[in-house]
Amino acid sequence: KNLMKVAVVGATGMVGQVMLKVLEERDFPVDELIPVGSDKSIGKEIFFRGKPYKCVSMADAVSMKADIAIFSAGGTPSLEWAPKFAAAGTTVIDNSSAWRMDATKKLVVPEINAHVLTKEDKIIANPNCSTIQMVMVLNPLHKKYNIKRVVVSTYQSVSGTGKKAVDQMLNERNGVKGDMAYKYQIDMNVLPQIDVFLDNGYTKEEMKMLNETRKIMGDDSIRLTATTVRVPVKGGHSEAVNVEFTNDFTVEDIRSILKDTKGVILQDDVSNQQYPMPLFAEGKDDVFVGRIRRDESQANTVNMWIVADNLRKGAATNAVQIAEYLMRNNLV
């Protein structure tokens, strides 16, 4: 068996650090680790399985011909470097938005559509964190009841922006002046803006949720409208999701479908005040769903509350699961 060489691009960043942790926890067969950093991180030490490794440059990493490179370095570096890794024979799993809507690239949540992957796919896109947790719950229900329309409002943690945003919130909480990741204070506040505004008045994040959901679930007839909001929570995104189906359902059936969905945990016992919360989802790989109830304002419609750790299933874990699928099926 060939030894597995794995590059982690953006190894010193927030998601990169979680990727290393997830590779360790899931016992991914890394025979040789290549941590890759931005120019300012070259030579910086990171630890993996208790051993120190020095970050190398993008160019050096390309020439080292890894089997798999998991990217979490942002869109611009990814557009420039992913094709260079791919040209060297490395399969890239990219966590930025750079390739997601490229018609020639697959956008994958393994539980839903890993079967679309082939040996020829050298750049594979990891979806947006808020999309991943939502489609994990929507997909099994779509198969049974056929989704017509989704209305989603998100409550997204500051770790989705990165370390600078977490530091901003903690500084504000402790009365310390420091760098601002956002234009406004985030502690004791909510910001109804994630990413930049587009001409239609929606943010990029809001449009990502529509476009990516259609692509992952393979159905352009799904209508979706989103409002994405940043809340002063350190880790874990929450979503209030209203789903209108073509076919009617019973709430009991929806609960039992979700209970049997791999990667989803039903947490829905209101008599004991049990429901998903970021407080308990942080550090876990599953997607939690609860507050399931019929929308009494119109037919065939349900309300749900969905929570997941945005750095794990929303990013690092999903990417590593794609890598595991490629390995299992000899696609790398």
Please confirm whether the backbone N or O of [Y] pairs with a side-chain atom of [X], one donor and one acceptor, at under 3.5 Å?
X: R293; Y: R291; answer: yes
X: N174; Y: L170; answer: yes
X: T301; Y: D295; answer: no
X: D269; Y: Q274; answer: no
X: T203; Y: I194; answer: yes
X: S157; Y: G236; answer: yes

Before accepting this row, confirm whether a basic side-chain N of the pair [X]/[Y] lies closer than 4.0 Å to the acidic partner's carboxylate O.
X: K284; Y: D309; result: no
X: K148; Y: E244; result: yes
X: K143; Y: D219; result: no

Checklist entry - So, T227 and Y202: side-chain donor and acceptor under 3.5 Å apart, yes or no? => result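 Looking only at side-chain atoms, Y202 and T227 do not form any donor-acceptor pair under 3.5 Å.
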Is [X] linked to [Y] within one hydrophobic cluster, defined over Ile, Leu, Val, Met, Phe, Trp and Tyr using a side-chain heavy-atom separation of less than 4.5 Å?
X: L107; Y: Y325; answer: no
X: Y145; Y: V151; answer: no
X: V152; Y: Y155; answer: no
X: V109; Y: M327; answer: no
X: I254; Y: I306; answer: yes

Next on the checklist: Can you confirm whether T91 sits close enough to I124 that some side-chain heavy atom of one is under 4.5 Å from a side-chain heavy atom of the other?
Outcome noted: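 Yes, side chains in contact.
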Checklist entry - Is there a side-chain contact between N189 and D187 (heavy atoms, below 4.5 Å)? => result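 Heavy-atom side-chain distance check fails, nothing below 4.5 Å.
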Item to check | side chain to side chain donor-acceptor pair (under 3.5 Å) partner of N128, chosen from E212, K208, E205 | outcome: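 Of the listed options, the one satisfying the test is E205.
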Checklist entry - Of K21, R312, K313, which meets salt bridge (charged side-chain N to carboxylate O under 4.0 Å, His left out) against D285? => result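 Of K21, R312, K313, salt bridge (charged side-chain N to carboxylate O under 4.0 Å, His left out) with D285 is met by R312 alone.
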Checklist entry - What do the steps show when you test N310 against S159 for side chain to side chain donor-acceptor pair (under 3.5 Å), and what is the final call? => result CA-CA 8 Å; N310 52 295; S159 63; 3.0 Å; yes
Throw together a table of side-chain donor-acceptor distances under 3.5 angstrom for residues 258-266, partners on residues two or more places apart or in other chains.
| from | atom 1 | to | atom 2 | distance (Å) |
| --- | --- | --- | --- | --- |
| T261 | OG1 | I257 | O | 2.8 |

Checklist entry - In Å and rounded to the nearest 0.5 Å, what is the CG to CZ distance from D94 to R100? => result 8.0 Å
Checklist entry - In the hydrophobic clustering that connects Ile, Leu, Val, Met, Phe, Trp and Tyr at side-chain heavy-atom distances below 4.5 Å, which members other than F85 occupy its cluster, ordered by chain and number? => result V9, I34, V36, V56, M58, V62, M64, F71, L79, W81, V92, W99, I123
